[in-house]
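Keep in mind it's a predicted model, so treat the numbers as computed, not measured. The sequence lines fix the lettering, A, B, ..., with proteins before strands; numbering per chain opens at 1.
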Amino acid sequence: MASRTLSVTLRQHGPIPLDVGLTCDAGDVLAIFGPSGSGKTTVLRSIAGLYRPEHARVISGDDAWTDTASGFFAPAHRRAVGFVFQEYALFPHLTAVGNVVTALGHRPRAERRPRAEHLLRVVHLSGHLDRRPAAMSGGERQRVALARALAREPAVLLLDEPFAAVDRGVRRHLQDQIDELRRTLDIPLILVTHDFDDVVRLATHLLVLQRGQTVAFGPLRSLMSRPDMTWLRDAVGLGSLLDAVVAREHPSRGLVELEFDGGALLVSQSSVTVGTRVRLRIPAREVILASRPPEGLSLHNVLSGTVSAIHAETAVDHVIVQIAVGGVLLLAEVTRDAIATLGIVVGMRLHALIKSVSIDVVRTGATDAARSE
Amino acid sequence: MDWTALRVSLWLGVGTVVLLLPCGMWLGRLLAVREFPGKLLVEALVTLPLVLPPTVLGFYLLVTFGGRSPLGQAFEAVVGQSLAFSFQGLLLASAIANIPFVVQPIQRGFESIPADVRDAAACCGLTPWQRFLRIEVPLAWPGILTAAILTFAHTLGEFGVVLMVGGNLPGETRTLSVAIYDRMNAFDDRSAGVMAATLLVTAMATLTLTTSLSRRVVPRRG
């Protein structure tokens with residue numbers, strides 16, 4: 001639904017330097033990734049109307065929220081924004097239901113409590129609805145914060161480090177929860193994080209922020225397959241993202257076969273069933289290149305493709321080779337020596353060797369939206 | 001026992017709280033949530049009555065309220081009586097002397113609300129007034145309550161400012177604390193003793209009430 005697209009331009013010199021332009025369509029998850037102090041939260045606050053940069057334009061669908069050029073600035077309470085704060089910022093004097101009811105002012109009084117209870121059920125919080133935040137666990141508080149953000153029927157959902165305050169196990173559940181919401185809500189969803197795991201699991205698009213400046217912005221998969229993303233290599237290591245479907249199970253071999261737009265891969269994974277959509281991350285340094293198809297190896301995965309780009313940096317000895325395999329772009333990190341020995345040039349046919357155990361399989365619903373890239 | 005003096009004292013206490021609380025809420029909240037030029041100066045001015053000897057404060061207030069000052073003349077022109085040595089003048093002086101007792105606890109109360117909680121209230125669609133009444137006041141409540149009770153108790157005990165500005169007019173400006181001093185000077189130790197005990201009991205009761213109320217309020221905040 002194009003009318004729900006959020007488009008944002010922010011520019012100022014100080015006190016917090018900003019130079020950011022982004023758009024996010026309904027159903028997409030834009031992850032804003034960057035080190036702490038890079039201005040991620042300020043971007044969210046500017047969208048919500050809690051911060052007013054010197055030059056800003058925030059348009060949600062057909063509604064202008066901020067337009068400093070014409071001096072227009074809608075206050076936060078007039079914007080249909082759902083905001084999940086980093087520390088959740090629940091109202092400590094109100095119960096779980098009371099917190100959600102507070103955001104239901106646009107509904108008739110009699111509807112508010114049933115609606116709040118419904119929303120808390122949607123985020124899988126059913127018992128203890130009359131408890132105050134002090135008596136809740138981190139995960140429960142996060143769910144209340146999420147229900148409260150949804151209560152406004154927002155035109156955009158903003159999440160500021162939503163998993164920072166919960167432990168790993170709860171984190172997985174909440175990630176699934178947000179992924180479920182993304183599919184049902186059909187609004188733009190913007191997620192601020194400094195953990196790349198969140199990006200891989202949830203995002204369809206990525207904006208990398210450094211000192212308030214956009215370093216990279218675009219669909220996640222295409223950004224991940226670019227060989228020249230030095231910031232990404234430094235932050236998390238390069239690696240291509242592939243969306244695939246579980247095609248066959250080989251329980252006796254402890255493997256499953258995944259089909260993607262360019263071939264099939266065998267991975268060691270037991271907990272997925274046939275038909276499940278998964279996202280694969282193949283670290284660039286785990287990919288071996290061969291000029292001829294190898295024989296007599298313990299390896300399951302040999303993908304053939306054409307070299308589409310080579311990125312060599314003078315500062316490091318490693319070279320990033322981008323290989324087109326069917327419809328996907330694979331990255332391999334090799335030494336300068338290997339480039340010379342194999343005589344790798346753009347347009348050359350190569351074989352990429354990948355160990356089954358090197359492939360990181362992530363179950364995510366973000367894959368179906370990624371097709372719209 | 002000077003029942004008239006007790007009545008004046010109680011009225012003065014209640015009047016000071018009623019007069020000062022709205023202003024204190026406005027100023028305390030302003031100091032808690034806003035940054036503005038001259039904020040330090042305002043905070044110093046708010047604290048001033050706390051460190052100034054009551055006689056100094058009383059002297060300046062008397063000069064300000066007197067028949068030769070613009071305020072004194074204006075009051076006399078409108079009301080038809082002098083502001084100095086009247087209950088109204090005493091009430092105004094008491095309000096000024098109590099500014100730190102009302103503003104500071106309220107400021108601390110509003111400061112205790114995390115900025116994110118106020119922002120979250122705005123993102124919930126609450127207007128500034130709804131945010132103030134439904135989120136901020138309930139959360140700053142212990143501070144507001146402390147301010148009201150401290151002001152009331154402090155007004156009952158105020159002596160210097162009352163004597164300077166109000167004098168010692170029975171039924172008008174003679175409060176219980178002034179009446180005690182008055183009785184002592186007249187060697188009426190019995191009356192002074194009864195009234196001193198009355199103030200002591202009132203002060204104890206007020207403080208016990210504050211403590212128990214704040215205990216009941218604090219866990220709710222959790």
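- For the pair A:Thr42 and A:Ser46, the tightest heavy-atom approach, listed with the atom from each and the gap, is O-OG, 2.7 Å.
- Proximity to chain B is absent for every atom of A:Leu158, based on heavy atoms less than 4.5 angstrom apart.
- At a heavy-atom separation below 4.5 angstrom, chain B is approached by no residue within residues 136-147 of chain A.
- Remark: A:Arg115 does not engage A:Glu111 in a salt bridge, criterion side-chain N to carboxylate O under 4.0 Å.
- Sparse packing is recorded around CZ of A:Arg57, with 12 or fewer heavy atoms of other residues, nucleotides or ligands lying under 6.0 Å away.
- A salt bridge links A:Asp130 and A:Arg113; the closest N-O separation between the charged side-chain nitrogens and carboxylate oxygens is under 4.0 Å.
- Considering only heavy-atom pairs separated by less than 4.5 Å from chain B, the leading option among A:Ala149, A:Gly49, A:Ala103 is A:Ala103.
- At a 4.5 Å heavy-atom cutoff, B:Ala115 makes no contact with chain A through either its backbone or its side chain.
- A:Lys40 and A:Asp160 are not joined by a salt bridge, as no carboxylate oxygen comes within less than 4.0 angstrom of a charged side-chain nitrogen.
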Can you give me every donor-acceptor pair (side chain of residues 12-22 of chain A, partner residue at least two apart or in another chain, under 3.5 Å) with its distance?
from	atom 1	to	atom 2	distance (Å)
A:Gln12	OE1	A:Glu54	N	3.0
A:Gln12	NE2	A:Ile16	O	2.8
A:Gln12	NE2	A:Tyr51	OH	2.8

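- Looking at A:Arg78, neither its backbone nor its side chain comes within 4.5 Å of chain B, counting heavy atoms on both sides.
- Per-residue heavy-atom pair counts under 4.5 Å with chain B were compared for A:Ala48, A:Gly105, A:Ala89, and the maximum is reached by A:Ala89.
- A distance of 11.5 Å separates OG of B:Ser69 from CZ of B:Phe75, quoted to the nearest 0.5 Å.
- Residue A:Arg79: no heavy atom, backbone or side chain, is found under 4.5 Å from chain B.
- The pair A:Arg121-A:Glu117 does not count as a salt bridge, with every side-chain nitrogen at least 4.0 angstrom from each carboxylate oxygen.
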